[in-house]
Each structure stands twice: as structure tokens, then as C-alpha cells.
**Student:** 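Handing you a structure now.
Keep in mind the model is a prediction, meaning the values are calculated, not measured.
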Amino acid sequence: MRMTKKGHSCVRFEKDGAVLVIDPGGFSEADAAQGADALLVTHEHPDHFDEGRLRAALDAHPGCQLWTLRSVAEQLAPAYPGRVHTVGDGDTFQAAGFDVEVHGELHAVIHPDLPRITNVGFVVDGAVFHPGDALTVPGRPVDTLLLPLHAPWNKLSEIVDYVREVAPRRAVDIHDGLLGAFGFQVYGRMLGPQGPGIGRAEHVRLAPGESTEL
């Protein structure tokens with residue numbers, strides 16, 4: 001399985017000629033969802049959910065289907081009957097030949113004065129976990145953790161402890177669209193050998209358009 005970073009929290013998986021895309025939101029490339037056979041969306045925030053991009057992908061490929069939580073599904077299901085599926089914590093399904101598990105229920109707390117929305121994470125082929133905007137521990141081993149690096153709702157100590165608790169073989173950065181060159185240097189140092197330590201995990205940063213084999 002090949003994974004390509006598509007900007008911010010969007011990743012694209014390719015296997016046996018099929019393509020699955022998670023979170024092609026407004027901070028990812030304009031073509032992030034194009035050509036997808038399956039689409040997964042973790043929650044409704046615009047950096048993860050871009051309705052126009054999803055509609056364009058669904059319109060271009062009649063076989064493409066979307067799996068997401070209720071708040072997103074309700075916005076698209078009427079226009080695509082039978083192709084938009086509502087999922088929640090504990091669900092399992094197949095999407096274009098990929099095995100997917102759903103973990104988590106709520107977005108991380110941004111501020112106590114702001115209401116929390118729903119959020120789900122996805123384990124793909126039992127190997128890689130995309131948690132969306134939460135530090136959900138999937139409760140099962142994963143080889144690759146997609147690590148929400150920087151957000152209004154997290155801080156360095158939390159993501160260090162998160163990697164330690166999930167204990168993947170490698171942690172690959174996502175949710176990094178708000179960072180510039182200096183920020184990447186700081187996070188790279190703190191999550192590397194000079195930092196407090198993230199267990200056995202290798203820390204990996206992919207630039208948009210870069211790929212890795214899983």
C-alpha cells in the first residue's frame with residue numbers, strides 16, 4: 001500500500017489499482033480527492049471537509065463512495081443516494097478493497113467555551129491510523145500513526161505522550177498546514193533524538209506530494 005501526503009491532514013492511499021483518500025479539506029491540494037474510489041472524512045471542519053471537492057470527486061467517478069460521520073453525511077447523502085455512508089465508533093467496513101475500522105467519537109477540546117463536535121478516526125488495512133482532530137488511542141496495534149502535529153487544540157507534550165501511548169513503529173506528520181519552516185525545525189528536533197523521546201517510533205515528515213510504502 002502506497003501513501004501520499006496531500007497537504008495538511010489529507011492522505012491518499014493506493015493499492016491494487018484502487019485509491020482511498022482521507023480528509024481532502026480546504027488546506028489540501030485542489031485535486032486531492034480527484035480519482036478516488038473511496039473517500040473518508042473525519043469531521044466537518046473546513047480544513048478536513050470541503051464539500052465542493054467531495055462533490056467534484058463523486059460526480060467525476062460514479063463508483064466513488066464516501067464514509068463519514070452524520071454531520072457530514074447529511075450534507076451530501078440526498079444528492080448521492082446509496083453512495084454516502086454514516087459510520088461511528090466501532091464500525092468496520094470495506095471501501096474499494098481497503099479494510100477500515102472506525103475509532104473515536106469527539107473532537108479534541110479547542111476551548112471550554114466552544115462546543116465540541118463529533119470526530120472519528122480511521123484505521124486502514126489494520127496498519128495505519130488517521131485520528132482526525134483528536135488524540136484517540138485506537139485500542140489496537142498500528143504500524144503507522146498519522147500524527148496531528150500542530151493545531152489550536154494541542155501542545156507538544158500531548159503529542160509526545162500520544163505517540164508513546166499508541167506506540168507505533170513510525171509517526172508520520174499530518175495537520176501541519178499552519179506551520180512554517182521554523183515550526184517544522186522545532187517539532188522535528190523535539191520529536192527526534194534531541195527531544196524527550198517518543199518510544200520506539202520513528203518520526204517522519206512528508207512534504208505535500210511525497211509518498212511512502214506502508
**Student:** Could you check whether any side-chain N or O of T68 sits under 3.5 Å from a backbone N or O of V41, counting only pairs where one atom can act as donor and the other as acceptor?
**Tutor:**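 Here the side-chain-to-backbone pair exists.
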**Student:** Within a strict 4.5 Å, meaning less than it, do heavy atoms of the H130 and V124 side chains meet?
**Tutor:**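 In short, these two side chains do not touch, never coming nearer than 4.5 Å.
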**Student:** Is any NZ, NE, NH1 or NH2 atom of the basic residue among D173 and R205 found under 4.0 Å from an Asp or Glu carboxylate oxygen of the other?
**Tutor:**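 No salt bridge links D173 with R205.
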**Student:** Is the distance between the ring centroids of H175 and H150 under 6.0 Å?
**Tutor:**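 Distance test on ring centres: not under 6.0 Å, no.
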**Student:** Regarding R70 and T86, is there a side-chain donor-to-acceptor distance under 3.5 Å anywhere?
**Tutor:**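 No, no side-chain donor-acceptor contact under 3.5 Å.
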**Student:** Answer yes or no: does atom CZ of R2 have more than 12 heavy-atom neighbours from other residues, nucleotides or ligands under 6.0 Å?
**Tutor:**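 Yes, because the 6.0 Å sphere around CZ of R2 holds more than 12 heavy atoms from other groups.
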**Student:** Does the side chain of T4 come within less than 4.5 Å of F13's, by heavy atoms?
**Tutor:**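 Sidechains of T4 and F13: no contact.
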**Student:** Run the salt-bridge test on D176 and K5 with the 4.0 Å N-O cut-off and return the result as yes or no.
**Tutor:**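 A salt bridge links D176 with K5.
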**Student:** For the side chain of E210 and the backbone of A207, is there at least one donor-acceptor N/O pair under 3.5 Å apart?
**Tutor:**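 Yes; at least one donor-acceptor contact below 3.5 Å.
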**Student:** Can you find a heavy atom in the side chain of D133 that is under 4.5 Å from one in the side chain of P148?
**Tutor:**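 They are not in side-chain contact.
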**Student:** Is the count of non-hydrogen atoms from other residues, nucleotides or ligands lying under 6.0 Å from E165 atom CD greater than 12?
**Tutor:**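 Open: at most 12 neighbouring heavy atoms sit under 6.0 Å from CD of E165.
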**Student:** Which Ile, Leu, Val, Met, Phe, Trp or Tyr residues join I159 in one cluster when any pair of side-chain heavy atoms under 4.5 Å counts as a link?
**Tutor:**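 Besides I159, the hydrophobic cluster comprises I110, L114, V123, F129, L135, V137, V142, L145, L147, L149, W153, L156, V160, Y162, V163, V166, L179, F184, V186, Y187, M190, L191, I198, listed by chain and residue number.
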**Student:** Donor-acceptor pair, R83 side chain versus L58 backbone, under 3.5 Å?
**Tutor:**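 Looks like yes, one N/O pair under 3.5 Å.
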**Student:** Evaluate the side-chain hydrogen bond (donor to acceptor under 3.5 Å, both in side chains) criterion for residues S9 and D23: first the C-alpha distance (whole Å), next the side-chain angles of each, then the deciding distance (0.1 Å), finally the verdict.
**Tutor:** CA-CA 6 Å; S9 278; D23 280 2; 5.3 Å; no
